[in-house]
Amino acid sequence: MFKKILIANRGEIAVRIIRACREMGILTVAVYSEGDKDSFHAQLADEAVCIGPNSPKDSYLNIQNIISATVLTGAEAIHPGFGFLSENPKFAAICEECNIKFIGPSKECIENMGDKAKAREIMKESKVPVVPGFEGIIEGEEHLKKEGKAIGYPLMLKAVSGGGGKGIRIVRSEEEIVKAYNTAKSEANLSFGDDRIYIEKYIENPHHIEFQIMGDDFGNIVHLGERDCSIQRNNQKVLEEAPSTLLSEDLRKTMGEIAIKAAKAVGYNSVGTIEFLVDDNNDFYFMEMNTRIQVEHPITEMISNIDIVKEQIKIADGESLSITQSEVELKGHAIECRINAENPSKNYMPCPGTISYLIMPGGNGIRIDSSVYEGYKIPPFYDSMIAKLIAYGKDRDEAIMKMKRALLEFVIEGVDNNIELHFNILNNEDFIKGNYNTSFLRDKLVNKL
Ligand code: ADP
Ligand code: ADP
Ligand code: MG
């Protein structure tokens, strides 16, 4: 097993990975930007190396400095976390050239699945149902209008390299399409340095259901069930739960098998997630694969009793999966609330600043993955997510009650946050009945706050 791992990330996910390493007896190296000097992840690791100024491109995306830090500290592997370099095939290739193990799938897997248009093609060839759309990249305005007409409205323009809900636009009619195309293109260029756009049919009021996958170097692949991530704002997840109230045992089995088939099509050899959209008729479509650890992995850990980060590290070290599909046992219900430093009543304006007073909830069934502490100054340069609050119960009702209880205990002063929004979601009658889809927040809650 690796003796030392460098974590090329920050915040709660860096802390999460350091914790797994420590329990496995592995030493850790944190990297941090100048503004993150006092951050919890840098304090918690066995060693910490500054990799540059605050701007992500100069620090957490600075491949040269991250590789230098790895060589300098003698770490044998890099865990990329999520975001930043986690889905960058060039980074995975450079690690390989430098004899550093990249803790993730092969660079070919990242290449094939990270390009969303290419992934759609591969899935179609493998007989995995994909969202209807155009297989390829849009080349200019005439092409755009032609393909738009062929697919029909409403449709979605999506960035080939997209992630985090960015570079996506709904288009309801031909009059809107050119403007939407240009804004999606510039957003994609700004966020991903890649302005290629593809088109999908817009699925009305869908459910976002994703399957957690684990594969090893020996061709074994299992799934750990699904997560329902339909509570979203602007195509970004806000609250997730596992299992989904939508899926019958039969549908779960069918979708799980298709998810494994999708992962097998690219020889997937790490932990990852297959994301689907499910419509009102329970028809489901492959949307994308995330070839990395997912933000909401803890809810699957709670119901499966499997530490997904430890499994990911063991797979990278060449071990075979510790579990077969028939040994996977899912039990109980888990919910995750993403606690963000933002103001829901001011159009979710991010609110960096100093946390002047903090009480974190605890008790039976409550887990917090976070990197903040009282007196910590949230920098304005990165994501606004500051904590993940996870509740586990023997069933959904119990998980909801525990989450509500924990949200009431949670006190964050000094920065605006979305704790109250989560409380309102959990008190909503439709949510309680499990009667919600991806338009829930927009239609049923945000407009009524
Ligand atoms: P998840 O799919 O795990 O729920 P999110 O979509 O919420 O994750 O993204 C998690 C973090 O990673 C966010 O900070 C997001 O901006 C970032 N991220 C995700 N995909 C990409 C990408 N392709 N490029 C850059 N950042 C990304
Ligand atoms: P990202 O890489 O940013 O996570 P996704 O392709 O996973 O992008 O899409 C993010 C979200 O956008 C989905 O969870 C869903 O709510 C919405 N979405 C994406 N594609 C469609 C579609 N074809 N029809 C309806 N909603 C969609
Ligand atoms: Mg996605």
Side-chain angles (χ1 to χ4, degrees), residues 9-13 16 56-57 60-61 80-89 91 110 113-117 119-120 130-134 151-172 184 187-194 198-210 212 227-240 271-280 283-300 308 336 338 340 350 381-386 388 436-442:
N9 215 301
R10 64 181 301 283
E12 67 83 20
I13 193 63
R16 166 73 188 91
K57 76 171 180 358
Y60 299 104
L61 291 171
F82 53 67
F84 298 123
L85 294 169
S86 62
E87 293 180 277
N88 182 328
F91 180 61
I110 306 177
M113 287 303 207
D115 179 320
K116 291 172 152 190
R120 285 169 56 83
V130 302
V131 181
F134 168 63
I151 291 162
Y153 294 89
L155 54 78
M156 266 195 145
L157 300 176
K158 296 174 70 171
V160 168
S161 298
K166 293 198 195 81
I168 298 182
R169 286 290 175 283
I170 302 180
V171 186
R172 300 231 167 239
E187 190 175 304
N189 196 23
L190 213 68
S191 306
F192 316 114
D194 175 1
Y198 69 104
I199 307 188
E200 273 178 15
K201 178 88 193 142
Y202 180 67
I203 310 284
E204 293 284 354
N205 303 328
H207 297 257
H208 173 121
I209 307 280
E210 58 182 39
Q212 177 68 53
R227 298 183 282 257
D228 194 322
C229 311
S230 306
I231 304 288
Q232 300 185 354
R233 176 185 166 262
N234 281 352
N235 306 312
Q236 258 179 312
K237 298 160 188 165
V238 174
L239 177 152
E240 304 95 346
V271 305
T273 300
I274 308 281
E275 296 189 338
F276 294 102
L277 288 178
V278 184
D279 68 17
D280 284 338
D283 286 328
F284 62 91
Y285 309 95
F286 169 88
M287 184 165 53
E288 67 155 341
M289 179 172 200
N290 289 321
T291 57
R292 54 167 166 88
I293 190 78
Q294 197 102 352
V295 173
E296 56 277 21
H297 76 277
I299 55 175
T300 301
I308 298 172
E336 171 183 277
R338 296 191 188 197
N340 297 335
F381 317 106
Y382 315 106
D383 211 73
S384 63
M385 190 179 74
I386 51 170
K388 302 189 301 207
Y436 65 87
N437 55 48
T438 59
S439 25
F440 171 87
L441 262 192
R442 189 190 60 214

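Whatever order the structure lists ligands and atoms in, that order sets their numbers, starting from 1. These values consider heavy atoms only, across backbone and side chains, with no hydrogens, waters or symmetry-generated copies.
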> Mind checking the CG-CD1 spacing from D228 to I209? Nearest 0.5 Å is all I need.
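So the gap between those two atoms works out to 3.5 Å.
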> What protein heavy atom sits nearest atom 20 (N) of ligand 2, and how far off is it?
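The answer is K158 NZ, 2.9 Å.
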> Which option out of L157, V130, I199, N235 puts a heavy atom nearest to atom 12 (O) of ligand 2?
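It is N235 whose heavy atom sits nearest to atom 12 (O) of ligand 2.
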> Can you tell me how far the CZ atom of F82 sits from the OG1 atom of T291, to the nearest 0.5 Å?
14.0 Å
> Any non-hydrogen atom of K237 lying under 4.0 Å from ligand 1?
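Yes, that is the case, since the closest heavy atom of the residue is under 4.0 Å from the ligand.
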> As a quick check of understanding, evaluate side-chain hydrogen bond (donor to acceptor under 3.5 Å, both in side chains) for Q294 and E240, giving each step before the final call.
CA-CA 12 Å; Q294 197 102 352; E240 304 95 346; over 6 Å; no
> Between the side chain of D383 and the main-chain N/O of M385, is any donor-acceptor distance below 3.5 Å?
yes
> How far is atom 11 (C) of ligand 1 from its nearest protein heavy atom, and which residue and atom is that?
F82 CD1, 3.7 Å
> Among the N/O/S atoms of E288, which is closest to the Mg ion (ligand 3)? Give the atom name.
OE2
> Students should be able to answer this: which protein heavy-atom is nearest to atom 24 (N) of ligand 2, and at what distance?
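Protein heavy atom with the smallest distance to atom 24 (N) of ligand 2: I203 N, 2.9 Å.
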> Show which atoms of ligand 1 fall inside a sub-4.0 Å distance from at least one heavy-atom site of R292.
1 (P), 2 (O), 3 (O), 8 (O), 19 (C)
> Counting each atom of ligand 2 from 1 as listed, which ones have a heavy atom of T438 under 4.0 Å away?
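In order of numbering, the contacting atoms are 16 (O).
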> Output the distance between atom CD (Q212) and atom CD1 (I299), rounded to the nearest 0.5 Å.
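The CD atom of Q212 sits 10.0 Å away from the CD1 atom of I299.
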> Please walk me through it: do S439 and N205 pass side-chain hydrogen bond (donor to acceptor under 3.5 Å, both in side chains)?
CA-CA 6 Å; S439 25; N205 303 328; 2.7 Å; yes
> Please confirm whether the backbone N or O of P206 pairs with a side-chain atom of D279, one donor and one acceptor, at under 3.5 Å?
no
> Please identify which atoms of ligand 1 are closer than 4.0 Å to at least one heavy atom of D383.
13 (C), 14 (O)
> Considering only heavy atoms, does Q236 approach ligand 2 within less than 4.0 Å through its side chain, its backbone, both, or neither?
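It is neither; nothing of Q236 touches ligand 2.
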> After noting the C-alpha distance and the side-chain angles of R172 and E204, does the key distance pass the salt bridge (charged side-chain N to carboxylate O under 4.0 Å, His left out) rule?
CA-CA 11 Å; R172 300 231 167 239; E204 293 284 354; 3.6 Å; yes
> List every atom of ligand 1 that sits less than 4.0 Å from any heavy atom of S161, numbering the atoms from 1 in the order shown and giving each element.
23 (N)
> Any idea which atoms of ligand 1 are less than 4.0 Å away from a heavy-atom of E296?
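Counting from 1, the qualifying ligand atoms are 1 (P), 3 (O), 4 (O).
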> Identify, for atom 21 (C) of ligand 1, the protein heavy atom at the shortest distance, and state residue, atom and that distance.
G163 CA, 3.7 Å
> Considering distance alone, does some N or O of H208 sit under 3.5 Å from an N or O of ligand 2?
yes
> N/O of F84 under 3.5 Å from N/O of ligand 1, yes or no?
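Checking ligand 1 against F84, no N or O pair falls under 3.5 Å apart.
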> Between E210 (side chain only) and I274 (backbone N and O only), is there a donor and an acceptor less than 3.5 Å apart?
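No; zero donor-acceptor contacts below 3.5 Å.
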> Output the distance between atom CZ (F134) and atom CG (L157), rounded to the nearest 0.5 Å.
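One gets 12.5 Å once the value is rounded to the nearest 0.5 Å.
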> So if I count the atoms of ligand 1 from 1 in the order they appear, which ones are less than 4.0 Å from some heavy atom of G162?
23 (N)
> Give the atoms of ligand 2, by number and element, whose distance to some non-hydrogen atom of V131 is under 4.0 Å.
23 (N)
> Does the distance from a Lys or Arg side-chain N to an Asp or Glu carboxylate O, for K158 and E288, drop under 4.0 Å?
no
> Give the C-alpha distance, both sets of side-chain angles, the deciding distance and a yes or no for side chain to side chain contact (heavy atoms under 4.5 Å, CB included) between L155 and K201.
CA-CA 4 Å; L155 54 78; K201 178 88 193 142; 5.8 Å; no
> Tell me which protein heavy atom sits closest to atom 15 (C) of ligand 1, plus the residue, atom name and distance to 0.1 Å.
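Checked against all protein heavy atoms, atom 15 (C) of ligand 1 sits closest to G164 CA, 4.0 Å.
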> Quick one: does any side-chain atom of S86 pair with a main-chain N or O of G83 as donor and acceptor, under 3.5 Å?
yes
> What is the closest protein heavy atom to atom 3 (O) of ligand 2, and at what distance does it sit?
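Ranked first by proximity to atom 3 (O) of ligand 2 is G165 N, 2.6 Å.
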> Is there a polar contact between ligand 2 and P206, counting only N or O atoms under 3.5 Å apart?
no
> Between K237 and E296, does a side chain to side chain contact (heavy atoms under 4.5 Å, CB included) hold up when you go through it step by step?
CA-CA 9 Å; K237 298 160 188 165; E296 56 277 21; 2.9 Å; yes
> Between Y436 and H207, what is the ring plane arrangement, given parallel below 30°, perpendicular above 60°, and tilted in between?
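Y436 and H207: tilted rings.
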> Counting non-hydrogen protein atoms only, what is the nearest one to atom 10 (C) of ligand 1? Give residue, atom name and distance.
V295 CG2, 3.5 Å
> Only heavy atoms count here, so choose which of Q294, E288, Q232 is nearest to atom 2 (O) of ligand 1.
Q294
> Specify whether an N/O/S atom of E275 falls short of 2.8 Å from the Mg ion (ligand 3).
yes
> Write out the residue and atom name of the closest protein heavy atom to atom 26 (N) of ligand 2, then the distance separating them to 0.1 Å.
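For atom 26 (N) of ligand 2, the nearest protein heavy atom is M156 SD, 3.7 Å.
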> Report the distance from atom CG of D280 to atom CG of N437, rounding to the nearest 0.5 Å.
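Result: 7.0 Å between the selected atoms.
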> Going by the atom numbers of ligand 2, which of them fall below 4.0 Å from some non-hydrogen atom of Y202?
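This gives 24 (N), 25 (C), 26 (N) as the contact atoms.
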> Please state which protein non-hydrogen atom is closest to atom 22 (C) of ligand 1 and give its distance, to 0.1 Å?
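Going by distance alone, atom 22 (C) of ligand 1 is nearest to F192 CE2, 3.8 Å.
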> Step by step, would you call R338 with E12 a salt bridge (charged side-chain N to carboxylate O under 4.0 Å, His left out)?
CA-CA 11 Å; R338 296 191 188 197; E12 67 83 20; over 6 Å; no
> Side chain to side chain contact (heavy atoms under 4.5 Å, CB included) with N235: which of K166, H208, M156?
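Result: among K166, H208, M156, M156 is the only option passing the side chain to side chain contact (heavy atoms under 4.5 Å, CB included) with N235.
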> Give a yes/no verdict on whether any heavy atom in E204 is under 4.0 Å from an atom of ligand 2.
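No.
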> Whether the R227 and H297 side chains hold a donor-acceptor pair (N or O, under 3.5 Å, no angle test) is what I'd like checked.
no
> Going by the atom numbers of ligand 2, which of them fall below 4.0 Å from some non-hydrogen atom of M287?
6 (O), 7 (O), 9 (O), 13 (C), 14 (O), 19 (C), 20 (N)
> Can you pull out the closest protein heavy atom to atom 17 (C) of ligand 1? Residue, atom name and distance to 0.1 Å, please.
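The answer is G83 CA, 3.6 Å.
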> For K116, which part has a heavy atom under 4.0 Å from ligand 2: side chain, backbone, both, or neither?
side chain
> Just which atoms of ligand 1 are under 4.0 Å from any heavy atom in K166?
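The list of qualifying atoms is 16 (O).
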> List every atom of ligand 1 that sits less than 4.0 Å from any heavy atom of N290, numbering the atoms from 1 in the order shown and giving each element.
2 (O)
> With heavy-atom distances below 4.0 Å as the criterion, list the atoms of ligand 1 near R338.
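Going through ligand 1 atom by atom, the ones under 4.0 Å from R338 are 1 (P), 4 (O), 7 (O).
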